[in-house]
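Indexing begins at 1, ligand by ligand and atom by atom, following the structure's order.
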Amino acid sequence: KGTTREQRALKYLKEHARQGDPDSVLETFDEFCRTQEWAMNAAEEKGDILDEIVRELQPTTCLELGTYCGYSAVRIARNLSPSARLITIEVNPDYAAVAREVVKLAGLQDKIEVINLDSADVIRELKTKYDVTKLDLVFLDHWKYLYIRDIKLIEEEKLLKKGSVVFADNVIIPGAPGYLEYIRGSKNYKSTFYSVHFEYMDDMKDGVEKSVYIGDE
Ligand SMILES: Oc1cc(-c2ccc(F)cc2)cc2cccnc12
Ligand SMILES: [Mg+2]
């Protein structure tokens, strides 16, 4: 075929979504995943919970680990206030390239910064290089064994404050080994589990975990 699934998704979006309209980009991506090819977007029930968190929290500075094609980046950023921004990190260059196009298609390039690097390296430089003081929202959606590595790094960098929300996808499928017991066992978080359907699969269950930081600044 010569093209990747992600490139085919982007082509479909460019042909069917309304330029500058985030809702249209998301609806069109969901349609692509339901009718053409499945893709690992934090969509449907997962996306609804993410929307709820963003609307209630009204975060100023958001960090997403695992951009993939930018679906959840668009989903988050479409609900952000004018001065708020999202930094999203994607280690795979092919995914990052597609994500930048999707963000542009949605007209959200002024709110979303896609960084094609390893998450740990960026987290260590958020304060010095990316002008971040605190993170109001963190969305964990990259490789599952990295959740625990990166949340510990985020704590070490003192990037969370009382009320910051850490939202984790896939805590059931593929599962985030060690992360759940770490975050649920920590006195610094109040965690809630939501049983949800796996993206675009009505007969599969996954889970997401919302953790509110209550620790010291
Ligand atoms: O939401 C996700 C789903 C899957 C996934 C793919 C195929 C399966 F058979 C099962 C699970 C992988 C992810 C990797 C990174 C971020 N999110 C993912
Ligand atoms: Mg996921």
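Here F32 and H16 keep their ring centres 6.0 angstrom or further from each other.
In Q19, the CD atom is crowded: over 12 heavy atoms of neighbouring residues, nucleotides or ligands sit closer than 6.0 Å.
Protein residues are said to neighbour a ligand when one of their heavy atoms lies under 4.0 Å from it; for ligand 1 these are W38, M40, D141, H142, W143, K144, D169, N170, I173, P174, F198, E199.
Contact detail for K158 and K134: the closest heavy-atom pair is O-NZ, 3.1 Å.
Comment: R8 engages E37 in a salt bridge, judged by a side-chain N to carboxylate O separation of less than 4.0 angstrom. Contact check on R78 versus D51 returns a salt bridge, with a Lys/Arg side-chain nitrogen under 4.0 Å from an Asp/Glu carboxylate oxygen. Salt bridge status for R85 with D110: absent, with no side-chain N to carboxylate O gap under 4.0 Å.
Rounded to the nearest 0.5 Å, atoms OG1 (T61) and CG (L135) are 7.0 Å apart.
For the residue pair H197 and D203, no side-chain donor N or O sits within less than 3.5 Å of a side-chain acceptor on the partner.
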query = Between Y200 and N41, is a side-chain hydrogen bond (donor to acceptor under 3.5 Å, both in side chains) present by the stated rule, with each step listed?
reply = CA-CA 9 Å; Y200 312 115; N41 297 330; 3.2 Å; yes
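Within a radius of less than 2.8 Å around the Mg ion (ligand 2), the protein N, O or S atoms are D141 OD1, D169 OD2, N170 OD1.
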